[in-house]
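Worksheet: the structure to be examined is printed underneath.
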Amino acid sequence: MKNPTPIVEIAATGRFLPDNVVTNDDLAKTMDTSDEWIRTRTGISERRIAPDGLTAAEMGASAARQAMERAGVQPGEVDIVILSTATPDRWLPSTACDTQALLGCDNAVAFDIMAACSGFLYGLSMAEGYLAAGRGEIALVISAEKMSTIIDWDDRTTAVLFGDGAGAAVVRRSNGSGRGILSTHLRSDGRLANLLYRPGGGTIDPLSQGVLDEGRHLMKMQGREIFKNAVRNMAEACDLALQKAGLTSDDIDLLVPHQANIRIIEATAKYAGIPMEKVYVNVDRYGNMSSASVPIAFDEALEQGRIGPGSKVLTAAFGAGLTWGAMTLRM
Ligand code: COA
């Protein structure tokens, strides 16, 4: 199969990470865990935790400003702001609108998407569709996550896994350059929603003193089931995205996977036939930042020269929903 001609490309990326570093040893002071357990089971050594008062919109705007500056794009030129988050600042309005206001993207349509850890890939795909339909020239895809606000800090099985941060990409039409998104495979399975969810605080179980007292507004997870589904679905998505692009794993210069757990990353890479030297990993430094993990990893890989003009990249993500997917790109 011939390589498809990309319709949109990532013009530039940016990231924001809160300064506050929380190590495994820090966590072991307040919960029954250890650096050794966390490192061997997850690969995580530390994560960033945002201070009270720093919003997801502000983190997202910082990442987006960096991406826009690098792309040479002015706020008024942005046609659409797509923001993915599992931790909106408020239930109404969208965090995207708050971010748009902070950025001064006055000519843009702005809205949130909720696809948990797969949000950046879903967002890129939506931006691609919007631009391909001729509705605009420039999209901002932002992922901003303040996971520390929905973690149950008394639950050691989830609290050690997550961190805060934001990543962003300026997406524009590729105008025949050959750079851009080559293929996409996205899926969801709502039948497995209860493997990773927040039972209370929404319309099913509105916020009440009881919800707060029992912590039903906080994240609950069945870790082992999530682990199995993550590996199976990401591996299959990688295969299908490669097939759609007419590529094989040998063609890929770098795999940029969602950063949930080093064991999930290693298993996915193995199934996809990609050696670990060609896999970008930062889960050790940041933990799982939900949808912000992929764009932050992407941004670091670009900055470090692990990918550059002409590189072929495979990216894959998995999260609550369940949601998952993979994408191939030529940079
Ligand atoms: N510190 C110390 N011990 C812990 C612990 C912690 N932070 N968390 C769990 N344990 C204990 C458990 O209580 C259990 O003890 P027990 O045997 O006495 O009952 C033991 O460690 C093993 O727990 P288990 O859940 O079987 O461990 P695991 O090897 O499956 O690893 C996860 C747990 C969460 C690391 C792993 O299942 C995982 O990464 N799942 C995917 C999670 C994820 O990525 N979610 C986001 C997806 S986007």
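The analysis underlying the following values was restricted to heavy atoms, covering all of them including side chains, and did not include hydrogens, waters or symmetry mates. Counting convention: from 1, in listed order, for ligands and their atoms alike. Quick note: residue numbers are just sequence positions, from 1.
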Does the salt bridge (Lys or Arg N to Asp or Glu O under 4.0 Å) test come out yes or no for Arg41 and Glu36, once each step is laid out?
-> CA-CA 8 Å; Arg41 300 287 178 125; Glu36 208 261 332; over 6 Å; no
Report the member of [options] with the shortest heavy-atom distance to [atom].
atom                    : options                        : value
atom 24 (P) of ligand 1 : Met219, Arg224, Glu36          : Arg224
atom 41 (C) of ligand 1 : Gly321, Gly223, Ser290         : Gly223
atom 39 (O) of ligand 1 : Asn261, Leu322, Ile226, Val283 : Asn261
atom 44 (O) of ligand 1 : Ser118, Ala116, Ala260, Ser34  : Ala260
atom 36 (C) of ligand 1 : Trp324, Phe162, Trp37, Phe227  : Phe227

Protein heavy atoms near [atom], is at least one of them under 4.0 angstrom away?
atom                    : value
atom 1 (N) of ligand 1  : yes
atom 18 (O) of ligand 1 : no
atom 32 (C) of ligand 1 : no
atom 14 (C) of ligand 1 : no
atom 28 (P) of ligand 1 : yes
atom 7 (N) of ligand 1  : yes

What's the separation between atom [atom1] in [X] and atom [atom2] in [Y], rounded to the nearest 0.5 Å?
X      : Y      : atom1 : atom2 : result
Met331 : Leu254 : CE    : CG    : 10.0 Å
Phe120 : Thr315 : CZ    : OG1   : 8.0 Å
Arg156 : Leu27  : CZ    : CG    : 13.0 Å

May I have the step-by-step check of side-chain hydrogen bond (donor to acceptor under 3.5 Å, both in side chains) for Glu300 and Asn282, ending in yes or no?
-> CA-CA 9 Å; Glu300 289 190 343; Asn282 64 13; 3.2 Å; yes
Backbone N or O of Cys105 within a donor-acceptor pair of the Gln100 side chain at under 3.5 Å?
->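 The answer is yes, because a donor-acceptor pair under 3.5 Å joins these two groups.
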Would you say Leu161 and Val22 are hydrophobically clustered, going by side-chain heavy atoms of ILVMFWY under 4.5 Å?
->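 Cluster IDs for Leu161 and Val22 match.
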Does the side chain of Leu140 reach to within under 4.5 Å of the side chain of Thr99, using non-hydrogen atoms?
->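 No, their side chains stay 4.5 Å or more apart.
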State, yes or no, whether a side-chain contact exists between Arg263 and Thr42 at a heavy-atom distance under 4.5 Å.
->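 Arg263 does not reach Thr42 side chain to side chain.
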Polar contact flag, side-chain donor to acceptor under 3.5 angstrom, Thr157-Asp155 =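 Yes, side-chain donor-acceptor contact under 3.5 Å.
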Within reach of ligand 1, part of [X] (heavy-atom separation under 4.0 Å):
X      : value
Met31  : neither
Thr42  : side chain
Asn288 : side chain
Thr157 : both

Work out whether the distance between some heavy atom of Ile264 and some atom of ligand 1 is less than 4.0 Å.
->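 Contact present.
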Residues in side-chain hydrogen bond (donor to acceptor under 3.5 Å, both in side chains) with Glu214, at least two apart?
->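 Glu214: side-chain hydrogen bond (donor to acceptor under 3.5 Å, both in side chains) contacts with Arg216.
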Can you sort out which atoms of ligand 1 are near Arg41, meaning under 4.0 Å from one of its heavy atoms?
->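 Taking each heavy atom of Arg41 in turn, ligand 1 has 22 (C), 27 (O), 28 (P), 29 (O) under 4.0 Å.
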